[in-house]
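To start, the structure under review is shown below, and the notes come after it.
Computation of the quantities below employed the complete heavy-atom set of this structure, encompassing side-chain atoms and omitting hydrogens, waters and symmetry-equivalent molecules. Counting convention: from 1, in listed order, for ligands and their atoms alike. Please read all numbers here as calculations on a predicted model, not as lab measurements.
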Amino acid sequence: MDFTDEEHDQLEKRHRALEEIAARLGVRAERGKRFAELTSLRVGGAIDWVISPETEAQAAAIVYELDQAGIGWRALGSGSNVLADDSDHHYVVLSLSNMKGEVRIDGELVSVSAGYSLPRLCIDVARAGLSGIEGLGGIPGTVGGALWMNAGAYDHEIGTVTETVRVAREGKVVDIPGASVEWNYRHTSFREGELLLGATLRLTSDDPEVIKSRMDEAKSRRLATQPHGARSAGCFFKNPPASTTGTGKMIDELGMKGQRRGSAIVSPVHANFIVTEGENARAEDALALAEEIRERVRKEQGIELEYEVELWRANPDPQSEGKE
Ligand SMILES: Cc1cc2nc3c(=O)[nH]c(=O)nc-3n(C[C@H](O)[C@H](O)[C@H](O)COP(=O)(O)OP(=O)(O)OC[C@H]3O[C@@H](n4cnc5c(N)ncnc54)[C@H](O)[C@@H]3O)c2cc1C
């Protein structure tokens, strides 16, 4: 992208402000990263800055400073539900996968930081004899990403067991009741610009062996029906609420399994998974293939498919965009 002198000066000013904030708060700030390195689809363009806080307090302080300085930012967990486009993204990515903290178990209450791995947490609590999230054991990503999306699988959703969520407000860590959040199908009422720092879950005591067998069963069902080891973002589209047929089956019935657009392919294993291939895979290909699927489903089934994956367009002010 070509910049005017004025835009260039503004970017330079932002770079300096950011360096100063990161140095003052002692948070790692890096340039030269690409979404292709940070997302499971392995596509997407360059990012101005990636900032990686390690504690909840640091993360709360940093977003406060960024907001005060008028610097746009977006939170990223493991990037397993994000498709970022190929352009240069002129905002800060707050990478939370280093903000792991420690899991604290107090009876049936489990407190965990947003950067902690969800699959790891499922194993930890199963070992501690706590049930309620074993169906989520095969979902890649962080606890923060799972809370944001209300991740769910095999009859479990994270929102159902969330007692409180810790969020960043005015530079501080603040607890809000889980009951004040709307937990919908792969969507919540959290707003763009809200940073989730951690959560306390209320689980139920059960036999660790029984929990583990339920978790193993969910994992083997997943292995039997979904591509593994492939570069994907899980299900690309939501299941339409009014249809009894799942989206994967619908796409499969259109004969689209294996369909390719450049570096993107409809998975031959599960038609609602788009996978990418090759060193220089392009978001553009995945998007074109996704739109081709939507067009066919619209024409032949009369159904408007809604994205489950989040589309991140390069935009200088991401806070001004709604959730897509
Ligand atoms: C193979 C595969 C299988 C999958 N199966 C499932 C499944 O069965 N069920 C399911 O629900 N999902 C599934 N997913 C999708 C994905 O794993 C989940 O949505 C997961 O919870 C995303 O976590 P993440 O840390 O990767 O989030 P990211 O992809 O990094 O982010 C997702 C969204 O959450 C926001 N976010 C992340 N962390 C924070 C934070 N701390 N504060 C504020 N916002 C934040 C991001 O801004 C973004 O909008 C699958 C993905 C893959 C690759």
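- With no hydrogens or angles considered, no side-chain donor-acceptor pair links Thr188 and Asn150 at under 3.5 Å.
- In this structure, atom 46 (C) of ligand 1 lies nearest to the protein heavy atom Ala75 O, 3.1 Å.
- In terms of N/O distances under 3.5 Å, ligand 1 is approached by Ser78.
- For ligand 1, one of its N or O atoms has an N or O atom of Glu310 under 3.5 Å away.
- Between the side chains of Thr276 and Arg231, at least one donor N or O lies within less than 3.5 Å of an accepting N or O.
- Within the 4.5 Å cutoff, the side chain of Glu20 has no heavy atoms near those of the Arg16 side chain.
- A donor and an acceptor atom, one from each side chain of Ser111 and Arg166, are located under 3.5 Å apart.
- Contact annotation: for Ala233 versus ligand 1, heavy atoms closer than 4.0 Å belong to the backbone alone.
- Asp67 and Trp73 share a side-chain donor-acceptor pair at under 3.5 Å.
- The shortest separation from a heavy atom of Arg222 to ligand 1 is under 4.0 Å, placing the residue in contact.
- Residue-to-ligand polar distances place Gly152 within reach of ligand 1: an N/O pair is separated by less than 3.5 Å.
- No side-chain donor from either of Glu54 and Asn98 sits under 3.5 Å from a side-chain acceptor of the other.
- The shortest N or O to N or O distance between Leu197 and ligand 1 is not below 3.5 Å.
- Less than 6.0 angstrom separates the ring centroid of Phe35 from the ring centroid of Trp312.
- Under 3.5 Å, the side chains of Thr247 and Asn272 contain no donor-acceptor pair of N or O atoms.
- Close N/O approach between Ala114 and ligand 1 is not found [any backbone or side-chain N/O within under 3.5 Å].
- The protein heavy-atom contact nearest to atom 14 (N) of ligand 1 is Ile139 CG2, 4.1 Å.
- Among protein heavy atoms, the minimum distance from atom 52 (C) of ligand 1 is reached at Gly234 N, 3.2 Å.
- Across every non-hydrogen atom of Val269 and Gln226, the tightest pair is CG1-C, 3.7 Å.
- Checked against a 3.5 angstrom limit, the closest N/O atoms of Glu308 and ligand 1 fall outside it.
- Applying the 4.0 Å criterion to heavy atoms of Arg186 picks out, from ligand 1, the atoms 11 (O).
- For Glu194, the heavy-atom gap to ligand 1 drops under 4.0 angstrom.
- Side-chain contact check for Arg31 and His15: at least one donor-acceptor pair (N or O, by modelled atom type) lies under 3.5 Å.
- Closest protein heavy atom to atom 31 (O) of ligand 1: Val82 CG2, 3.9 Å.
- Under 4.0 angstrom from ligand 1, the non-hydrogen atoms of Trp312 all belong to its side chain.
- Which parts of ligand 1 touch Leu96 is read off a 4.0 Å heavy-atom cut-off, strictly below it: atoms 40 (C), 41 (N).
- Of the protein's non-hydrogen atoms, Gly145 CA, 3.5 Å is the one closest to atom 37 (C) of ligand 1.
- Partners of Glu65 according to the salt bridge (Lys or Arg N to Asp or Glu O under 4.0 Å) rule, which considers only residues two or more places apart in sequence or in another chain, are Arg24.
- The shortest side-chain heavy-atom distance between Cys235 and Glu308 falls under the 4.5 Å cut-off.
- The single protein non-hydrogen atom nearest to atom 25 (O) of ligand 1 is Thr142 OG1, 2.6 Å, given as residue, atom name and distance.
- Checked against a 3.5 angstrom limit, the closest N/O atoms of Pro140 and ligand 1 fall inside it.
- Taking both residues in full, the closest heavy atoms of Ile211 and Gly129 are given as CD1-C, 3.5 Å, listed atom of the first, atom of the second, then distance.
- Less than 6.0 angstrom separates the ring centroid of Tyr307 from the ring centroid of Phe237.
- If you look at Leu76 next to ligand 1, the close heavy atoms, those under 4.0 Å, come from the backbone and the side chain alike.
- Within ligand 1, the atoms closer than 4.0 Å to a non-hydrogen atom of Gly141 are 23 (O), 24 (P), 25 (O), 26 (O), numbered from 1 in the order shown.
- Looking at Asn81 next to ligand 1, an N or O pair under 3.5 Å apart turns up.
- For the pair Arg74 and ligand 1, no heavy-atom separation below 4.0 Å is found.
- With hydrogens left out, the protein atom closest to atom 28 (P) of ligand 1 is Gly79 N, 3.6 Å, a heavy atom.
- The shortest non-hydrogen separation linking Arg74 to Arg313 is NH1-O, 3.8 Å.
- The distance criterion of under 3.5 Å between nitrogen or oxygen atoms is met by Ser80 with respect to ligand 1.
- Here the heavy atom of the protein found nearest to atom 44 (N) of ligand 1 is Trp148 CE3, 3.2 Å.
- In this structure, the side chains of Arg222 and Tyr154 come closer than 4.5 Å at one or more pairs of heavy atoms.
- Counting heavy atoms under 4.0 Å from ligand 1, residue Ala153 touches it through the side chain alone.
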